[in-house]
Amino acid sequence: MVQLGLIGLGKMGFNMRERLRAAGHEVVGYDRNPDVSDTTSLEDLVSKLDAPRIVWIMVPAGEPTRQTVTELGNLLSAGDMVIDGGNSKYTDDKLNAELLAAKSIGYLDCGVSGGVWGKDNGYGLMVGGAAADVEKAMPIFDALRPEGPREEGFSHAGDVGAGHYAKMIHNGIEYGMMQAFAEGFELLEAAKVVKDVPAVIKGWQRGTVVRSWLLDLLVRALDEDPELDDLEGYVEDSGEGRWTLEEAINNAVPAPVISAALFARFASRQEHSAAMRAVAALRNQFGGHAVKKVGG
């Protein structure tokens with residue numbers, strides 16, 4: 001049994017706490033929502049943990065994570081360890097690790113994939129940091145990852161920053177896969193030759209080369225809403241796709257699929273696209289092509 005402090009009990013953090021407890025570990029959680037929190041403050045959380053402590057952070061990336069790391073640096077002791085399991089940019093990890101190393105506190109960055117299904121299915125974990133620190137936290141990682149061979153759900157990606165870098169690329173790939181399924185769905189809907197689009201997509205779940213968990217989730221969505229009419233086509237991006245493209249540029253690696261998927265998300269937020277109005281105007285100017293007037 002391992003004792004763990006867990007900061008951030010949102011959709012993923014809450015389920016991670018439940019999965020760890022089900023595996024027999026003691027988890028002391030802190031969240032600003034008192035209805036789910038086990039403690040009243042970070043100081044209270046640290047006081048309830050036995051040294052050497054391990055504290056896992058699951059809060060939004062950026063300033064919230066930096067503030068949490070800084071506060072923990074003032075509360076924890078030499079020999080303790082912090083794990084950032086959020087979606088931090090990998091360049092933040094070096095700064096966090098250096099801040100804590102000055103106080104002899106260890107640091108690991110862990111990319112976590114699995115979403116709201118991770119409680120039952122397990123989480124894919126990508127970890128960066130020193131091998132000795134990874135080994136100390138391995139009982140936690142083993143409880144969180146899916147059942148089966150460790151190497152199929154867990155990777156020690158490299159030094160500090162490597163875990164979040166790997167997760168960033170993972171999410172960039174996810175962007176492209178999701179966009180491909182979405183475009184295929186729209187084309188099937190547009191082609192009158194196909195009479196039952198949900199049945200076709202469901203039929204891809206076994207035996208085809210595109211079968212995947214993402215496909216299973218699309219089938220589930222279509223079971224609930226066969227034409228997906230209940231949703232607006234507005235899609236946010238949480239940062240990893242942009243960071244992936246920055247890395248593609250920095251390393252001169254062509255990434256046309258991921259870039260197109262990210263730009264498609266941008267397009268989804270434009271109710272009236274200025275660019276497409278310009279395209280319509282140009283087509284009308286050079287070829288006299290039909291255009292639709294506003295309010296016409």
Side-chain angles (χ1 to χ4, degrees), residues 2-23 25-49 53-76 80-93 95-97 99-100 105-129 133 136-137 139-141 143-145 154 160-161 163-164 166-168 170-171 236-240 243:
V2 173
Q3 188 185 54
L4 177 72
L6 181 58
I7 301 170
L9 301 172
K11 291 180 181 178
M12 285 190 67
F14 183 90
N15 283 346
M16 290 169 67
R17 179 177 65 175
E18 298 308 297
R19 184 173 176 88
L20 286 164
R21 285 177 173 173
H25 299 301
E26 179 185 352
V27 183
V28 181
Y30 170 70
D31 193 272
R32 289 183 297 177
N33 178 2
D35 293 336
V36 298
S37 187
D38 303 315
T39 58
T40 57
S41 65
L42 291 186
E43 186 174 7
D44 185 31
L45 178 141
V46 170
S47 72
K48 287 179 165 57
L49 300 175
R53 307 170 186 87
I54 301 177
V55 179
W56 188 303
I57 302 172
M58 287 296 290
V59 302
E63 192 57 31
T65 294
R66 284 191 288 270
Q67 289 179 355
T68 303
V69 170
T70 299
E71 189 169 350
L72 286 173
N74 295 325
L75 295 171
L76 296 174
D80 292 345
M81 181 163 56
V82 172
I83 303 172
D84 177 12
N87 280 328
S88 295
K89 192 171 185 180
Y90 78 98
T91 49
D92 290 346
D93 292 314
L95 301 175
N96 291 336
L99 184 152
L100 295 174
I105 300 169
Y107 179 85
L108 296 175
D109 57 284
C110 183
V112 181
S113 182
V116 297
W117 301 93
K119 175 185 174 184
D120 297 322
N121 298 340
Y123 301 88
L125 306 173
M126 297 143 267
V127 179
D133 288 338
K136 289 178 187 175
I140 298 168
F141 297 140
L144 289 172
R145 67 175 176 82
F154 168 89
V160 166
H164 280 144
K167 178 59 163 46
M168 174 184 68
H170 167 279
N171 281 23
E236 279 288 1
D237 67 286
S238 54
E240 293 91 338
W243 302 338

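All of these numbers come straight from a predicted model, not from anything done at the bench.
The CG atom of N87 sits 7.5 Å away from atom CE of M12, with the distance rounded to the nearest 0.5 Å. Between the CZ atom in R17 and the CG atom in L4 there is a gap of 11.5 Å [rounded to 0.5 Å]. In this structure, CE on M126 lies 5.0 Å from NE2 on H170, to the nearest 0.5 angstrom. Atom CZ in R53 sits 6.5 Å away from atom CG in L76 (nearest 0.5 Å). If you take OG1 on T70 and CG on L100, they are separated by 8.0 Å, rounding to the nearest 0.5 Å. Atom CD of Q67 is separated from atom CG of L72 by 12.0 Å, given to the nearest 0.5 angstrom.
Taking 4.5 Å as the limit, every side-chain heavy atom of H25 sits out of range of all side-chain heavy atoms of I140. Side-chain contact check for I57 versus V69: some heavy-atom pair is nearer than 4.5 Å. Residues L99 and L95 are not in side-chain contact: their nearest non-hydrogen atoms beyond the backbone lie 4.5 Å or more apart. In this structure the side chain of F141 reaches within 4.5 angstrom of the side chain of L108, judged on heavy atoms. When side chains are defined from C-beta on, R66 counts as touching N96, because their heavy atoms get closer than 4.5 Å. L20 has its side chain out of reach of W56: every pair of non-hydrogen atoms, C-beta onward, lies at least 4.5 Å apart.
Taking a 6.0 Å sphere around CZ of R21, one finds it holds more than 12 heavy atoms contributed by other residues, nucleotides or ligands.
Nearest heavy atoms, I83 versus C110: CG2-CB, 4.0 Å. Taking both residues in full, the closest heavy atoms of L45 and G29 are given as CD1-C, 4.0 Å, listed atom of the first, atom of the second, then distance. Across all their heavy atoms, N15 and Y123 have their closest contact at CB-OH, 3.4 Å. A pairwise comparison of heavy atoms in M81 and A137 identifies CE-CB, 4.0 Å as the closest pair. Nearest approach of R19 to G118, heavy atoms of both residues: CD-O, 3.6 Å. Summarising the geometry of D133 relative to Y107, their closest heavy-atom pair is OD2-N, 4.0 Å, with the distance given to 0.1 Å.
Screening T39, L6, D44, I7 for a side-chain contact (heavy atoms from CB on, under 4.5 Å) involving V28 leaves a single residue, T39.
In terms of modelled atom types and a separation under 3.5 Å, the side chain of H164 and the main chain of T91 share no donor-acceptor contact. Between the side chain of D109 and the backbone N or O of D93 there is no donor-acceptor pair closer than 3.5 Å. Using modelled atom types, one side-chain atom of T68 and one backbone atom of P64 make a donor-acceptor pair closer than 3.5 Å.
Salt-bridge check for K48 with D38: failed, with every basic side-chain N at 4.0 Å or more from each acidic carboxylate O.
Under the 3.5 Å distance criterion, with hydrogens and angles disregarded, a donor-acceptor pair is assigned to the side chains of K167 and N171. Between S88 and D92, the side chains place no donor N or O within less than 3.5 Å of an acceptor N or O (distance only, hydrogens not considered).
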